[in-house]
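All figures in this text were calculated on a predicted structure; none of them were measured in a lab. Hydrogens, waters and symmetry mates play no part in the numbers below; they use all other heavy atoms, side chains included.
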Amino acid sequence: MTQSWSGEKLAQAIEAFAAGATVTSNATDVWLEPSRIREVCQGLRDRPEFKFDLLSGVTVVDYIDHFEMVYHLTSLPMNARAVIKAKCGWGREEPTVPSVTPVWRGAELQEREVWDLMGVRFEGHPNHKRIVLWEGFPGHPLRKDFATYDQSLVPVENAN
Amino acid sequence: MQGQGLLKGLGVTMKNFVRPVHTVQYPDRKVGLLGAAKRAGVSPFRFFADNPREGLKALLFIATVPERVQQAPRFRGNEFTWYEDRCTGCASCAKYCPLGIIKIVTHPGGIDVQEGESYAIDVFDIDIGRCMFCGLCVEACPYDALHMGSQFERGNYVRNDLVIDIEQLRSNLKRPSSWFRPQFEERKFDPFKGETVDDHYKAGRHEQPSPDELKERWVDGRK
Amino acid sequence: MSETILDSSLFRNVYCYVAGGSEGCVSHGYSEGFLPAGYEWLAFAITAAVLAILFIQGALGGVLALIWGERRILARFQNRVGPNRWGPFGSLTSVADAIKTMFKEDIVPDQADRFLFNLAPVIMVVPVLMVFAVIPIGVGTLVADLNIGLLFVIAITSASGLAIAMAAWSSANRIAIFSGLRAVALLVSYEIPMALSLLGVLMITGTLSMTGTIEAQDVPFIIVQPLGFLVFFLAALAEMSRTPFDLTEAESELAAGHLNDYSSMKFGVLFLAEWAATVAGAMIIATVFLSGWRGFSPIPSHIWFVGKVVAVIFLIIWIRATWPRLRIDQVLSLAWKGLFELTMINLIVTAILTAAMADREADGSLFSAGELWIMAAVNWAVFFPSVYLIGKLLASKPYEDDSSEPQELYPVATEEKAFEGAAD
Amino acid sequence: MTLKTEPVTINLGPQHPSTHGVFRFRVTFDGEQIADIEPIFGYLHRGSEKLAEERTYAQVVTLTDRMDYVSSMLSNQAYILAVEKLCGIEPSPRGVWLRMIAAELQRIASHMVAIGFLLQDLGTWGTPLTYAMRERESVLEMFEMLCGARITNSYLRPGGVFMDAPVEFLPVLDSFLSALPHRIDELESYLTGNEIIFARTKGVAVLKPEIAINASLTGPMIRASGIDWDLRHRDPYDYYDRVSFKRPLHRAGDNFARYWVRMQEMRECITIIRQCVEQMEPGPVRPSHDDVPYLLRPPVGDAYVAIEGSKGELGFYLVSDGGISPYRCHVRAPSFINLTLLREMLIGTLMGDLFVSFGSVDLNMGEVDR
């Protein structure tokens, strides 16, 4: 049975190697400082007490006034799961977080999807392009404030 | 030895070559004289004598007999079966439809046979063209008034013809599917045997409320 | 001219019916014809036209039948019914398809080289139809008994590579160009084992003529020359671009390859040429290795021939229904590293055998059935070890550890263990 | 003399016979060799995640059918488990057994599709495909008996399944389960020993386990690379801890290994279904409507549940704001994430390997684009 890290314990363990990286935590989740995500993730992947080698998923939730990045991590050697989160984009400005693609290759497509549908920019992503929609699509459709776009804006020639 | 696997493969395909055909020809199948006579239930000579034209075609293996696949009674199909007497116009189906393709317009003052007063229904449109036959409307119906149908042949040239209106719902052949209707399954009702259920009493209720419950719901609850 | 041509009874019958009074016909027992003497050239032209039309129509009919039969048989291999709507057992389906194809819009891509684009189907279909001229489909039933029949066949079929390359290049389609390049590589590679595998037959028969080859087969050469048959069959599959060598129009890779941009009857002609090539290939195999029209007597020779051709075609369809396609590098290495060696072994063994048994410098007589059986025994003795050896050389190595034992390379938690991070 | 060559860039797709849906490769070929490749997709993007935000929890089940349309039971299962975790619903035991049976049947059907189309990409003119489809057909017929639909099932409900299996279901299931091993044997004797298939698939598009796990690949993809990671075994959901089964592993990590692993997994599905049927007891298949109403209002919070889908770890991440519809519904689609390493797998291989490797990933465009 896969065990889940409790948020507090994980926060303590993260503080041990990256002081000040965690913002808050509860029984299940840890909230990180958005700018330090990659550093923490590197540690989570490499340090022997975590060994989170499988990034199950990257996603983002739009809470109107901010965005919340959610990373689901799995450790095969420890058979453990953990959830780390990060709040970013307060006030709906261009939300930006560091990309974890250098840590886990598996984040590549998922981060592109997040950028495409939610408009969260990932710094250091090797191929930061839209993935399911075409370049030039107006807006990011999974955001809560996305209104149906003007159909006349659809380019005849797919620019991709 | 190299090549063994290749030869084995040839053997497997040859085994399938002599196996009976697995596909079913729909809606009809080409048969010869023997097949046509067997389907008609007479001897080949009789068949030929009765109907020389068909017999000639059958000799050339171009006579056709209808054919279709055995369908499950739960098959969620077209042409919804709707019992107007039982419908109270509550529009649960419209609310539960994930696509919002059911349109109901009612006015107060109808009479429901089971539970007293209800709404009279003016419009009941189901846009079959967008329906995905998930059956949630049937599952939501509290009075078992709406049932899935059992047919699937509803090709049309005009998209608007795909909207089933109240007249069609009234006049449709009532061959309800047993999807979410356990009372049909208990009776071993199979809509594909040609049987219809025209009377809503015969259709039964899968969660029949007791008289006490009815009293509580409709009399005590309104005080 | 007329002396050799009149050996063909088919030709003779038509020709002498038109110009009976000519000397060649008189010697064959014909007395009088329509045309007066001196008009032999006209009679020849009429006869040629009649025969050409007859054979082309026959070939086309055979192709339509093949397309229908292939679809039916392939369907049966796949547990389906196949085309069955139009005509008895769907036998008119190909006719309906042909009519439909004719009425399609003829599209030429904007950037295509129009001349070559239109020429390619012609180049494709003409050589294939010409092959039918030299194949005896019954006793004396052939258009021309060329004394270089086999050579003619091999020479003329190479043109299809040119046609495919032409079609691919002229349609200005990058996917089609892949097809063209593959076709050229494939055909050039497989010409060699194909021609060399016939050399063994040639040594035994001592003639290139098709009728001569048939007459020499007291024992069918599939028994005498197993290696030659295997190589020729595989090479013929490649030449016809049939599975497992159908790289030129590999459906899952190139969509339809060089046919991508063709429509209407140009597509129809290309398609027809391919299927006609299959018929022609099967006919050549039946003639050279299955003793052509020979059989025992109450059944007419034509039936024997058609039966053998159908058997070969069935084998081809069976293989198509069963085997996957090889990759281009594997196809080429099979030609150069496998089939070429096999033909060489076959050639050497056959050469030694013929030299040992040959006594025909004097009279030019053929090998007797007994001698052929001896050859067959030796050849089969060579067949199995050589095929095994070549198969061993070409086969991909099996996995060292093919077992399903959970023998992990990657560390994964094996037992339940509480770790300090667990929620309380 | 040296010949001057230059790379050619070709768009394979979106209209191509073997792109498994609507998919486009932009490939740069150097001769027959693939020099560069870029997958382009999104042609089937329907915004399922956005649609889910406007539907009630019960209605979203119909959307999950359409994500991975060749294994919709598994999508249903993942979603329903997420809803159950979010709402804290205790499912009815018989319902759980039934949905395990349905899920394993769906896994057989999905693997059949994967194998059939992989062999179709190898150029077999549809023969293994029709054999595989024939077996899948039996599964679909059973689904029709169970829930009235063949592909878009919507069979599962929070707390179990919508209705008990009909009485004639179990005999049909039993005869199917006793016939299937012979059919799989037949397919295997046809395909697994075939020299051409071996030559075509062996050593092509090899994935090293470390790279595969770093790229978040899951399911048969990593089991073919020798990583013994099956969520049914490692993190049992439903009642998978009460059944025992083997996890087929192959260490090669190439196309053949992926084919082989799927082939063997189907046999394990049979043993799982047999154990489910044995352990199933009569009873209600879903909690009463008082416990689980149609209109669910989960408490505020989020839940992530992952199951072992036919293609890998299939996860649903649901966020609830206390309302009647999910505030956010994210799908961790295995087909989509398994595409990550496509470029690494394919560069340097030949054109013939392109679609074979692509087929061995076994993806479904409905799930990739969602």
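- Summarising the geometry, atom CD1 belonging to D/Ile213 is positioned 4.5 Å from atom CG belonging to A/Leu76; distances are rounded to the nearest 0.5 Å.
- Both the backbone and the side chain of D/Phe336 come within contact range of chain A, with heavy atoms under 4.5 Å apart.
- In terms of heavy-atom proximity, D/Ser216 sits nearest to A/Gly106 at OG-CA, 3.4 Å.
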Worksheet item: Do A/Leu117 and D/Lys50 pass the side chain to side chain contact (heavy atoms under 4.5 Å, CB included) test, and can you show the C-alpha distance, the side-chain angles, and the key distance before you say yes or no?
Response: CA-CA 10 Å; A/Leu117 300 177; D/Lys50 184 80 175 175; over 6 Å; no
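- Contacts of A/Arg143 with chain D are made by backbone atoms alone, with heavy-atom separations under 4.5 Å and no side-chain atom involved.
- Residue A/Asp53 holds its CG atom at 8.0 Å from CD1 of D/Ile227, rounded to the nearest 0.5 Å.
- In this structure, chain A has no heavy atom under 4.5 Å from any part of D/Glu54.
- A 6.0 Å sphere centred on NZ of A/Lys144 holds more than 12 heavy atoms belonging to other residues, nucleotides or ligands.
- Using a 4.5 Å cut-off between heavy atoms, A/Asp29 touches chain D through its side chain atoms alone.
- With rounding to the nearest 0.5 Å, the separation of OG1 in A/Thr74 from CG in D/Leu231 is 7.5 Å.
- Using a 4.5 Å cut-off between heavy atoms, A/Val70 touches chain D through its side chain atoms alone.
- Taking 4.5 Å as the limit, some side-chain heavy atom of A/Arg81 sits within range of a side-chain heavy atom of D/Asp235.
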Worksheet item: A/Lys129 and D/Glu38: salt bridge (charged side-chain N to carboxylate O under 4.0 Å, His left out), yes or no, with the steps?
Response: CA-CA 12 Å; A/Lys129 289 199 299 187; D/Glu38 184 189 0; 3.1 Å; yes
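- Proximity to chain A (any heavy atom under 4.5 Å) is restricted, for D/Leu217, to the backbone atoms N, CA, C and O.
- For A/Thr101, no part lies near chain D; criterion is any non-hydrogen pair under 4.5 Å.
- Your options are A/Val83, A/Val60, A/Thr59, and the one with the most heavy-atom pairs under 4.5 Å with chain D is A/Thr59.
- Distance check: D/His330 NE2 to A/Gln110 CD gives 6.0 Å after rounding to the nearest 0.5 Å.
- The CZ atom of D/Arg332 lies 8.0 Å from the CG atom of A/Leu55; values are rounded to the nearest 0.5 Å.
- Interface remark: D/Asp302 contributes side-chain atoms only to the contact with chain A (heavy atom separation under 4.5 Å).
- Residue D/Glu313 touches chain A through its side chain alone, counting heavy-atom pairs closer than 4.5 Å.
- In terms of heavy atoms, A/Ser56 sits closest to D/Ile337 at O-CD1, 4.1 Å.
- Between chain D and the options A/Glu108, A/Glu113, A/Arg105, heavy-atom pairs under 4.5 Å are most frequent for A/Arg105.
- Taking the six-membered ring where the residue is Trp, A/Tyr63 and D/Tyr327 present parallel rings, their angle staying beneath 30° rather than reaching 60°.
- Summarising the geometry of D/Arg328 relative to A/Leu142, their closest heavy-atom pair is NH1-CD2, 3.5 Å, with the distance given to 0.1 Å.
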